[in-house]
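Below, all heavy atoms of this structure are taken into account, side chains as well, without hydrogens, waters or symmetry copies.
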Amino acid sequence: MAARPLAEQLGGAVPAGIEALEPAQRDDLAQALHDARKRQSRALARAGEEGLKYVPALLRGAVRKVVGL
């Protein structure tokens, strides 16, 4: 089961079409959404680290603090 219910992950009411799904299907959808967001978060973190390669080494620490890496 996903860490958070589907409605919470969507940030509001679940659309009627999704509400019509079986509970197991909604759980699968919630888990898929949770997994996709985790993958997206890791990809964004990797992209941020990759972007730091273009910043001079002496400034990387300060840039990390400013952008929250």
Spacing of CG belonging to Leu59 relative to CG belonging to Leu52, to within rounding of 0.5 Å: 10.5 Å
Would you list the atom pairs, donor with acceptor, under 3.5 Å between side chains in residues 19-26 and any protein atom, with sequence neighbours excluded?
| unit_1 | atom_1 | unit_2 | atom_2 | d |
| --- | --- | --- | --- | --- |
| Gln25 | OE1 | Glu22 | N | 3.0 |
| Arg26 | NH1 | Glu19 | O | 2.9 |
| Arg26 | NH1 | Leu21 | O | 2.5 |

Side chain to side chain contact (heavy atoms under 4.5 Å, CB included) against Pro15, all qualifying residues, sequence neighbours excluded: Leu10, Ile18
Qualifying side chain to side chain donor-acceptor pair (under 3.5 Å) pairs with a residue from residues 46-58, counting only residues at least two apart or across chains: Glu49-Arg64, Glu50-Lys53
Side chain to side chain donor-acceptor pair (under 3.5 Å) contacts touching residues 35-44 (sequence neighbours left out): Gln31-Asp35
Under 4.5 Å side-chain linkage, directly or through intermediates, the cluster mates of Leu58: none
